[in-house]
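If you're wondering where the values come from, they're calculated on a predicted model, not measured in any experiment. Read the numbers this way: they start at 1 and go in the same order the structure lists the ligands and their atoms.
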Amino acid sequence: MGMVEKVLCRILLLLLLLQCGIGWTQEAVSSPGFIESTCFSSIFWMKLDKSFLQKKFFNIEIIDPSGVPFLVDQMLGARCGYTLSKDVWGNPIFRASFLGCHVINEKDEKFSLTVNIKVSLFEDLRAATIYQHPMHCSYFSWAPREILCEENYMEVSVMTDIPRISEAETAEWMSALPEAQKVMYQMWKLMFYSPSGIRTTGVSDADKLGYSFNNTLARVFLRSPYSTSETENTVVNGVTMSTITSRSRYRQRWLLLLIDTTISCPVDGTSFTDASIIWTVPTIIPRLVLQESTFRSLNVSMGINGEKIENPEKFNYTLERNITHIGVTIPIGAPRGRLQSTVSNEVHGVTYSIDLLMEHSWTNTDWQLTKYIVIKPITTPFLPRIPTVINNTVPETRIFDVLLGVFLPDVSLVTLTIGDVTFSLKEAEQKGYRISDIPFPNGTRGFELEVPFDDPNVLKEYVNRNETRYHLRVIYTLIVGPEEKLYRHPADVECTMADIQLPEGIGYCDKKNIYLAVTIAGLFQYWSLYVGNTPLNQITARTNGYFIMTNDTHLVLQVPLFAPGMIYEEVSLERIQARFDLVLKKMVTLETLDTFSMRCNFHSSEFIVCYPNGTVTVLAHMKTVPSIDMGKTRLKDNICKPQDHTKDQALFRFQVSTCGTSVKFNDEHLIYENEISFEKETLPIQNPPIITRDPEYRLTILCYYPIKEILMQSAMFYGSSSRTLPYGSGTMMSWTNKKDLTRTRQVLNIQANMFKDESFTEAYKYHSLVIKYSWEPLFFEVELKDEAPNVELFLENCWMTQSEEISSIPQWNFIVDGCENKSYGSVIFSPVMTNDRIKHPNHFKRVRILNLTLPLTEVYLHCTATIGTCLHVPSGGLPCKSCPGKTFGQHSEIYANHHGYVVAGPISILQPEQIKELDTKRNKVGLGAEKDYKN
Ligand SMILES: *[C@@H]1O[C@H](CO)[C@@H](O)[C@H](O)[C@H]1NC(C)=O
Ligand SMILES: *[C@@H]1O[C@H](CO)[C@@H](O)[C@H](O)[C@H]1NC(C)=O
Ligand SMILES: *[C@@H]1O[C@H](CO)[C@@H](O)[C@H](O)[C@H]1NC(C)=O
Ligand SMILES: *[C@@H]1O[C@H](CO)[C@@H](O)[C@H](O)[C@H]1NC(C)=O
Ligand SMILES: *[C@@H]1O[C@H](CO)[C@@H](O)[C@H](O)[C@H]1NC(C)=O
Ligand SMILES: *[C@@H]1O[C@H](CO)[C@@H](O)[C@H](O)[C@H]1NC(C)=O
């Protein structure tokens with residue numbers, strides 16, 4: 001053949017091949033639509049449509065050239081070069097190497113393989129529909145060495161072109177080739193090099209070891225699973241490579257062919273960040289590149305799902321190559337991969353999968369060109385994606401608007417639990433809840449739920465002054481991902497609205513009452529009304545003498561001027577300014593929200609007001625005929641004059657502990673008694689007596705303070721500084737008739753005095769200031785007046801305070817239940833003997849207090865006392881008592897409901913360091929000071 005023909009022939013051949021290439025690879029085979037196949041490099045790549053096969057059974061058979069079917073299952077991997085897999089969408093994928101079993105190979109250029117897909121509704125496929133799918137591919141660009149790293153096997157094929165000796169002889173060699181191809185492949189020997197040594201096998205023994213070795217017209221190939229006993233795993237630039245080092249040897253007579261059939265494939269190299277998948281493969285694989293100095297990397301490309309990607313950056317994939325690594329970075333969620341929702345340990349999340357492949361071709365002197373293909377399906381580990389609840393509520397609409405997202409389309413909402421009730425979507429819609437599926441432009445979606453504030457499954461709570469807190473609790477139940485896992489997600493949304501109208505109050509007065517009208521809406525639902533600390537209701541109203549009227553809109557409270565709860569702000573001869581406060585409290589917390597107050601001026605000719613602090617104000621009205629000078633009226637202690645008076649009125653103001661006020665208490669009340677009287681004019685002694693025309697005038701004043709409230713208040717003193725005692729109720733009784741004066745006594749008449757020494761003969765004068773050094777003893781005597789001789793006085797409890805008031809705090813007890821308490825000094829009862837002053841010793845009690853240890857400068861001594869009749873009078877007139885107090889009654893008959901109260905003082909106590917200040921003090925006290933001091 002001349003040069004021209006040879007060239008022509010080559011061109012012809014080329015044309016023919018081009019033609020065939022187009023025809024064969026793209027040939028439209030009349031196969032059903034659910035089967036798609038392509039040729040990728042030296043691989044048949046077939047995809048079956050998942051949706052067609054749904055709920056069906058199928059298998060794949062290969063038809064060998066003689067028409068015999070073989071089930072693919074048994075011919076996978078190294079044996080036949082088949083891979084059965086699924087793409088990320090779940091579509092079954094079948095791949096076959098062009099060098100695989102039953103592939104019809106025409107001159108290493110055209111390849112065809114016919115598959116049968118048997119599909120049936122039943123597991124038994126004997127009656128299945130058979131779809132036959134022939135695949136034809138052509139491939140001319142074989143590189144001298146091609147390596148395929150498949151999912152389930154590694155394959156190397158090497159060109160075995162006999163080296164050309166000269167241009168002229170080529171044709172003869174070529175003509176000898178078919179002959180050579182027929183040489184039994186068994187003539188080959190395989191030598192495996194591993195750390196344990198060299199193993200040489202024949203081809204059929206290699207087959208038993210799991211390898212597949214054969215030759216084609218111009219190539220020799222070796223296929224191997226990933227782990228055989230000859231596999232060596234090494235780490236190259238951080239990537240583990242599975243390597244089988246082998247040489248294939250062909251020897252016949254004078255011909256020795258030795259071919260390097262080493263395979264090396266990466267088995268890992270993937271890593272993940274939150275946002276991307278990174279896959280790296282070493283650029284130079286040492287076992288495949290023996291002389292690194294001559295290595296030249298030519299072309300690197302990547303592909304997805306068997307398709308080459310020409311411009312990876314267009315899809316935000318990156319393909320990078322440097323001297324050590326080839327790296328592919330795929331952002332999680334990038335196109336052609338698949339995000340799937342799933343649930344792991346009750347956490348919602350996703351996984352992302354993508355089927356990558358990489359092709360690298362390089363040259364070096366050992367092999368002019370190597371084409372290296374890696375097929376790598378990658379799935380990320382579980383990536384948590386916690387859904388968020390977005391509160392889109394617009395309060396004015398009074399509808400909760402809640403968005404739960406973001407989800408992939410493979411998540412669906414199945415039930416909603418609102419409050420405690422679970423609804424299917426349909427039931428929820430019927431209940432009036434709106435549920436919408438909100439799609440987002442990026443393909444994700446959210447679920448929007450609308451629930452009215454006033455729905456019975458929304459919790460409502462009255463808060464602050466005028467607000468309602470609406471609380472929506474939802475549990476979403478979702479079905480997630482292809483595995484249809486259940487996932488629950490809670491949402492808790494609150495909205496607080498100022499939608500409550502607080503009650504309003506207005507007040508008015510008439511001559512004797514204050515009225516308060518309060519709007520009634522919500523009143524006994526959220527709030528209650530209080531007078532002081534007492535809730536207002538029909539019972540308390542009746543007890544206090546109020547009157548309550550209600551209509552549809554208002555509650556009207558009528559409070560008489562002298563009813564309990566009235567506050568007297570100013571009391572004078574001219575007017576009484578009184579105020580009444582009605583307090584609005586929250587029902588649950590009793591927090592005060594508002595006070596409705598009404599203040600009015602009243603005129604009254606006669607009244608008594610017993611103030612919480614123990615002040616008593618009395619306006620006495622003259623009722624006698626002939627008239628008396630009201631300015632000359634006095635209280636029991638007649639240094640107590642009217643504060644103000646007119647011709648026929650006198651206004652007194654005094655403390656219950658002064659002006660000779662006596663006190664008693666029973667189980668319910670502390671009762672203070674005083675008397676306003678008019679001293680008849682008496683004429684000088686030297687003149688003969690004349691009858692005055694002044695009439696008898698007596699007005700008994702009584703203040704009743706409810707004891708329970710006093711005790712309650714006292715208890716409160718320890719915890720708080722506010723001290724509001726209740727108002728007492730006062731009554732007045734005038735005694736113009738002489739007979740009435742012999743009335744029965746209401747109050748024990750007892751008196752307390754401080755004495756100068758232990759003889760108890762000279763008492764400090766009434767209203768005088770007593771000054772004592774702290775080391776000097778105090779002599780204290782209590783006297784019972786106006787009682788029968790056989791009655792005995794008993795001290796119950798005595799205490800010291802810094803003030804005159806009965807309830808003043810702190811208190812230091814020196815007599816407890818009739819017994820001496822020595823905590824603050826030495827306390828001793830002193831005997832009482834009959835003398836000029838003392839007719840009935842049992843009407844007296846004396847106490848000596850020594851070494852007072854209290855750091856006080858001014859003390860008052862308070863005592864409560866009772867009376868009784870002694871059954872066994874102890875000798876020496878000592879107190880009829882036996883401690884502790886319980887046995888007290890064994891010796892005496894105590895009149896349980898007769899208690900008296902006295903206070904004595906003040907006594908100025910001088911601490912040693914105060915002696916220098918004494919002069920000043922004495923000067924201030926002036927001549928009234930009773931104490932003579934030494935030095
Ligand atoms: C080797 O290839 C030939 C020709 O394709 C085939 O007939 C033979 O069965 C193959 N041997 C093995 C062990 O696969
Ligand atoms: C690539 O990334 C950019 C920025 O992150 C983004 O705006 C663009 O949509 C992405 N392109 C594709 C094809 O995903
Ligand atoms: C090459 O790239 C890899 C990963 O992409 C990197 O870890 C390595 O440091 C790079 N090597 C050089 C020499 O730049
Ligand atoms: C999709 O869009 C939603 C709403 O705009 C956004 O919250 C979400 O982050 C987006 N998801 C992705 C993967 O971009
Ligand atoms: C929901 O939104 C409303 C209206 O913007 C707001 O008043 C409320 O506090 C929000 N609730 C929660 C729990 O975020
Ligand atoms: C609720 O109370 C606030 C002040 O506490 C007030 O400004 C607002 O007007 C009130 N709203 C209603 C509806 O009463």
Problem set entry | For Glu494, atoms of ligand 5 separated by under 4.0 Å from a heavy atom |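 Taking each heavy atom of Glu494 in turn, ligand 5 has 1 (C), 8 (C), 9 (O), 10 (C), 11 (N), 12 (C), 13 (C) under 4.0 Å.
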Exercise. What are the atoms of ligand 5, with element, lying closer than 4.0 Å to any heavy atom of Pro395?
Worked result: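 Heavy-atom distances to Pro395 below 4.0 Å select 4 (C).
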For this session: For Thr595 and Asp581, test the side chains for any donor-to-acceptor distance below 3.5 angstrom and give the result as yes or no.
Result: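 No donor-acceptor contact under 3.5 Å links the two side chains.
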For this session: Heavy-atom contacts with Ala498 under 4.0 Å: which atoms of ligand 6 show up? List them by number with element.
Result: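 Counting from 1, the qualifying ligand atoms are 13 (C).
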Exercise. Counting each atom of ligand 6 from 1 as listed, which ones have a heavy atom of Ile500 under 4.0 Å away?
Worked result: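 Answer, ordered by atom number: 14 (O).
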Problem set entry | Presence of salt bridge, Arg473 and Asp420, under 4.0 angstrom |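 A salt bridge links Asp420 with Arg473.
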Exercise. Between Arg219 and Glu146, is there a side-chain N and carboxylate O pair less than 4.0 Å apart?
Worked result: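 No.
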For this session: Run through Phe192, Phe213, Trp188 and flag the one making a side-chain contact (heavy atoms from CB on, under 4.5 Å) with Thr201.
Result: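 Testing each of Phe192, Phe213, Trp188 against Thr201, the sole residue satisfying side-chain contact (heavy atoms from CB on, under 4.5 Å) is Phe192.
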Problem set entry | Sub-3.5 Å N/O-N/O distance, Asn391 and ligand 5 |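 Yes; at least one N/O pair falls below 3.5 Å.
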Exercise. Would you say ligand 5 has an N or O under 3.5 Å from any N or O of Thr496?
Worked result: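 Thr496 vs ligand 5: no N/O contact under 3.5 Å.
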Exercise. Looking only at distance, does Asn214 have an N or O less than 3.5 Å from an N or O of ligand 1?
Worked result: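 Min N/O separation from ligand 1 is below 3.5 Å for Asn214.
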Problem set entry | Residue, atom name and distance, where the atom is the protein heavy atom closest to atom 5 (O) of ligand 6 |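 Looking only at protein heavy atoms, the one closest to atom 5 (O) of ligand 6 is Arg465 CD, 3.6 Å.
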Problem set entry | Closest protein heavy atom to atom 4 (C) of ligand 5, given as residue, atom name and distance to 0.1 Å |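 Answer for atom 4 (C) of ligand 5: Thr393 O, 3.1 Å.
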Exercise. Centres of the Phe423 and Tyr433 rings: under 6.0 Å?
Worked result: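 Yes: the rings meet the under 6.0 Å criterion.
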Problem set entry | Close aromatic pair by centroid cut-off 6.0 Å: Phe111 and Phe44 |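 Not under 6.0 Å, so no.
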Problem set entry | atom 8 (C) of ligand 6 touched by protein heavy atom at under 4.0 Å |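 True for atom 8 (C) of ligand 6.
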Exercise. Are any of the side-chain heavy atoms of Leu584 and Leu529 separated by less than 4.5 Å?
Worked result: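 Leu584 reaches Leu529 side chain to side chain.
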Exercise. If only atom types and distance count, is the side chain of Tyr530 paired as donor or acceptor with the main-chain N or O of Val583 below 3.5 Å?
Worked result: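 Looks like no, no N/O pair under 3.5 Å.
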Exercise. Which of the listed options, Asp499, Asn466, Leu593, Leu502, holds the heavy atom that is closest to atom 3 (C) of ligand 6?
Worked result: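 Answer by nearest heavy atom: Asn466.
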